[in-house]
Amino acid sequence: MQNQNNEISGSLLSQEELQMFCDYFSIPPHVLLNDQAALDYAVQTRTSMHALVTGYCEMADLNKEICHEFLSCERDLSSF
């Protein structure tokens with residue numbers, strides 16, 4: 001399933017997408033690449049995976065903002 005340049009042949013997954021999918025589902029890349037059904041599923045769900053990653057990134061930014069907003073409260077409480 002991989003060619004000599006370490007690219008995934010026969011699918012639309014990039015190396016980064018493959019790693020993201022494997023990390024999310026705790027699947028070693030060689031297992032995914034040797035299981036056509038799993039590889040097909042990864043290709044079909046890539047849009048959902050990208051949306052999930054984008055959502056996590058947006059939430060991380062929002063969490064930073066919230067923490068910054070409450071930092072002064074934390075400082076005030078620590079003086080008691």
Side-chain angles (χ1 to χ4, degrees):
M1 298 265 182
Q2 283 182 309
N3 64 20
Q4 294 169 341
N5 296 325
N6 223 17
E7 296 170 341
I8 304 162
S9 60
S11 74
L12 301 174
L13 288 179
S14 68
Q15 212 39 50
E16 182 180 292
E17 290 169 327
L18 172 71
Q19 191 60 51
M20 178 177 60
F21 192 87
C22 290
D23 289 346
Y24 185 78
F25 288 105
S26 300
I27 301 171
H30 74 320
V31 171
L32 181 63
L33 292 173
N34 291 321
D35 184 340
Q36 189 61 45
L39 186 58
D40 290 344
Y41 178 77
V43 170
Q44 291 171 1
T45 60
R46 69 187 277 202
T47 302
S48 298
M49 277 299 221
H50 283 283
L52 184 65
V53 169
T54 300
Y56 280 131
C57 291
E58 290 172 1
M59 285 304 300
D61 292 339
L62 181 59
N63 285 338
K64 281 183 190 176
E65 290 177 30
I66 292 169
C67 288
H68 182 70
E69 289 289 323
F70 285 96
L71 189 58
S72 62
C73 296
E74 292 289 327
R75 287 186 192 136
D76 291 344
L77 288 174
S78 68
S79 64
F80 284 108

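Side chains included, hydrogens not; waters and symmetry mates left out as well; all remaining heavy atoms used.
- In this structure, His50 places its NE2 atom where more than 12 heavy-atom neighbours from other residues, nucleotides or ligands lie under 6.0 Å away.
- Partner Glu58 forms a side-chain contact (heavy atoms from CB on, under 4.5 Å) with one of Asp61, Leu62, Thr54 and no other, that one being Thr54.
- The CG atom of Leu52 lies 12.5 Å from the OG1 atom of Thr47; values are rounded to the nearest 0.5 Å.
- Taking Tyr24 as the reference, nothing meets the ring pair (Phe, Tyr, Trp, His ring centres under 6.0 Å) condition, with sequence neighbours excluded.
- How far CG of Asn63 is from NE2 of His68: 14.5 Å, rounded to the nearest 0.5 Å.
- Separating the CD atom in Glu16 from the CE atom in Met20 is a distance of 7.0 Å, to the nearest 0.5 Å.
- The local environment of OH in Tyr41 is sparse, with at most 12 non-hydrogen atoms from other residues, nucleotides or ligands closer than 6.0 Å.
- Both Met59 and Phe70 are part of a single hydrophobic cluster, where members link through side-chain heavy atoms under 4.5 Å apart.
- Closest of all the heavy-atom pairs between Pro29 and Cys22 is CA-SG, 3.5 Å.
- There is a path of hydrophobic side-chain contacts, each under 4.5 Å, that joins Tyr56 to Val53.
- Cluster membership check: Ile66 does not share its hydrophobic cluster with Leu71, using side-chain heavy-atom separations under 4.5 Å among Ile, Leu, Val, Met, Phe, Trp and Tyr.
- Counting only distance, with no hydrogens or angles, the side chain of Asp35 and the backbone of Val31 share no donor-acceptor pair below 3.5 Å.
- Using a distance-only test at 3.5 Å, with no hydrogens or angles considered, a donor-acceptor pair links the side chain of Ser14 to the main chain of Glu17.
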